[in-house]
Visitor: 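Provided herewith is a single structure, encoded as structure tokens, for subsequent inquiry.
The residues of the chain are indexed from 1 along the displayed sequence.
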Amino acid sequence: MLTRDLNHELDAARDAGPVKDIVIPPCPQLLVQLQNELAQADPSPQRVAEIAEGDVAMTAALIKIANSSLYARREPVSSVVQAIAMLGVKPTATILTGFLLRHSIRIDPTLIEHFWESSTRRSLAMAHIARQMYGVDVEVAKTCGLFFHVGIPVMLQGVRGYSGTLVEALARQDRSFVQTENAVHRTDHAVVGAIVSKTWRLPQVITHAVRLHHDFAVLSDDHVALPVRQLVAIAAIADHLVARHEAVKDQREWEKFGALCLEFLQISPEEVENWVDQLYPVFQQVVVA
């Protein structure tokens, strides 16, 4: 699928398709400011700190995450400036983007707490895998992990009957998750999530990877940019790693396409098994702020 075709599909779905009646959370102004600063040749840590301090809850979340056991810091940070100095500007931006995403969807947090925990684990797993590969942007992979399934809570928030569709999609053996979504609602979480990504002005590679993350035929489609295909394959492996950690037994997608994803990325099953062990303490320490 060509880039222009993907963009046209998303625009058409947003403007005229079944998605037009779904409330897509608007891009937060703080994220716009953050993206504008990151677009500079030399982003200013001080300016990023000022943006982060524009929301008291976001400030608290950043400091909480910086002080979490994920980073094993001897001395706790007590300010946004210290947190950015410790984390770096781009990793800070990823954390802030995740915070804004979680707080832009108006659903009882207790209902989707596990969803955000799993998304955070997927994000960490994608970053871990990206570090093992040449030329894959770690922060892009990490952000992708947060957005791949964001269409699910957005549809829960705005589509009547979607909670029942979720139950059905998880239970059915005769068709895929997205096929069930489309049969009932004429759209799916991959399309909705990609529209959120595009609305939030994320890099095009993220938007396209979110749209295609259940379409493994793209791995052999040279019309799709290589970084997009890499992210699709990395996400599948990351989902498998998270499922192993969370003791999810039914991994139909992995059973069907896992070997294809490993072959595409030239990763061995033995490496994946090693990652299961390496990521266990990381997954245990997940902090959702």
Visitor: Nearest 0.5 angstrom please: Tyr162 OH to Thr187 OG1, how far?
Guide: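 One gets 9.5 Å once the value is rounded to the nearest 0.5 Å.
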
Visitor: With salt bridge (charged side-chain N to carboxylate O under 4.0 Å, His left out) as the test, would you mind laying out the steps for Asp137 and Lys142 before giving the verdict?
Guide: CA-CA 9 Å; Asp137 188 308; Lys142 201 170 183 180; over 6 Å; no

Visitor: Working to the nearest 0.5 Å, report the span between OG of Ser220 and CD of Glu263.
Guide: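 Answer for the OG-CD pair, Ser220 versus Glu263, is 10.5 Å.
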
Visitor: Could you verify whether a donor N or O on one side chain and an acceptor N or O on the other, from Thr165 and Glu181, lie under 3.5 Å apart?
Guide: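 On atom types as modelled, these side chains do not qualify, holding no pair under 3.5 Å.
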
Visitor: Using the six-membered ring wherever Trp is involved, compare the ring planes of His149 and His213 and label them parallel, tilted or perpendicular (cut-offs 30° and 60°).
Guide: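 Aromatic pair His149/His213 classed tilted.
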
Visitor: Find the distance between CD1 (Ile129) and CG (Leu241) and round it off to the nearest 0.5 Å.
Guide: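 Atom-to-atom, Ile129:CD1 and Leu241:CG are 5.5 Å apart.
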
Visitor: Before giving the answer on salt bridge (charged side-chain N to carboxylate O under 4.0 Å, His left out), spell out for Arg244 and Glu273 the whole-Å C-alpha distance, their side-chain angles and the decisive distance to 0.1 Å.
Guide: CA-CA 10 Å; Arg244 286 281 298 273; Glu273 287 302 311; 2.9 Å; yes

Visitor: Indicate whether the side chain of His208 and that of Asn7 have a donor and an acceptor atom separated by less than 3.5 Å.
Guide: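 There is such a pair (donor and acceptor under 3.5 Å, judged by atom type) between the side chains of His208 and Asn7.
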
Visitor: Are Val272 and Leu279 joined in one hydrophobic group, where the rule is that I, L, V, M, F, W and Y side chains link up if heavy atoms are under 4.5 Å apart?
Guide: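 Same cluster.
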
Visitor: Which of these passes salt bridge (charged side-chain N to carboxylate O under 4.0 Å, His left out) with Glu9: Arg14, Lys198, Arg211?
Guide: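 Option passing the salt bridge (charged side-chain N to carboxylate O under 4.0 Å, His left out) with Glu9: Arg211.
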
Visitor: If only side-chain N and O atoms count, and only distance matters, is there a donor-acceptor pair under 3.5 Å linking Arg175 with Thr180?
Guide: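 Side-chain D/A pair, Thr180 to Arg175: present.
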
Visitor: Does Thr59 offer a backbone N or O that forms a donor-acceptor pair with the side chain of Glu53 under 3.5 Å?
Guide: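 Between the backbone of Thr59 and the side chain of Glu53 there is no qualifying donor-acceptor contact (under 3.5 Å).
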
Visitor: I'd like to know whether Thr94 forms a side-chain hydrogen bond (donor to acceptor under 3.5 Å, both in side chains) with Glu139, so could you lay out the CA-CA distance, the side-chain angles of the two residues, the decisive distance to 0.1 Å, and finally the verdict.
Guide: CA-CA 7 Å; Thr94 303; Glu139 293 307 317; 2.5 Å; yes

Visitor: Hey, is Glu50 close enough to Arg47 for a salt bridge, meaning N to O under 4.0 Å?
Guide: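 Result for this pair is yes, salt bridge flagged.
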
Visitor: Do Leu100 and Trp200 touch side chain to side chain, with heavy atoms closer than 4.5 Å?
Guide: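 A side-chain contact exists here, since the closest heavy-atom pair is under 4.5 Å.
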
Visitor: Less than 4.5 Å apart, any side-chain heavy atom of Glu246 and any of His114?
Guide: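 A side-chain contact exists here, since the closest heavy-atom pair is under 4.5 Å.
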
Visitor: Quick one: name the residues clustered hydrophobically with Val184, using the 4.5 Å side-chain heavy-atom rule over I, L, V, M, F, W, Y, and just say none if it's on its own.
Guide: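 Same cluster as Val184: nobody, lone residue.
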
Visitor: Should Glu117 and Arg122 count as an ion pair when the cut-off is N to O under 4.0 Å?
Guide: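 No salt bridge links Glu117 with Arg122.
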
Visitor: Answer yes or no: is there a side-chain heavy-atom contact under 4.5 Å between Phe264 and Gln230?
Guide: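 Side-chain contact under 4.5 Å: yes.
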
Visitor: Could you tell me whether the side chains of Glu253 and His240 share a donor-acceptor contact shorter than 3.5 Å?
Guide: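 Side-chain D/A pair, Glu253 to His240: absent.
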
Visitor: Show your reasoning for whether ring-ring contact (aromatic ring centres under 6.0 Å, His included) applies to Phe148 and His189.
Guide: CA-CA 9 Å; Phe148 268 131; His189 73 276; 9.6 Å; no

Visitor: I need the minimum non-hydrogen distance between Ile63 and Val77, along with the two atoms involved.
Guide: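 Reported closest heavy-atom pair: CG2-O, 3.7 Å.
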
Visitor: Inspect the contact between Arg229 and Asp221 and indicate whether a charged nitrogen and a carboxylate oxygen are less than 4.0 angstrom apart.
Guide: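 Between Arg229 and Asp221 there is no salt bridge, as every charged N stays at least 4.0 Å from the carboxylate O atoms.
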
Visitor: Which residues pass the ring pair (Phe, Tyr, Trp, His ring centres under 6.0 Å) test with Trp116, not counting sequence neighbours?
Guide: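 So Trp116 forms no ring pair (Phe, Tyr, Trp, His ring centres under 6.0 Å) with any residue.
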
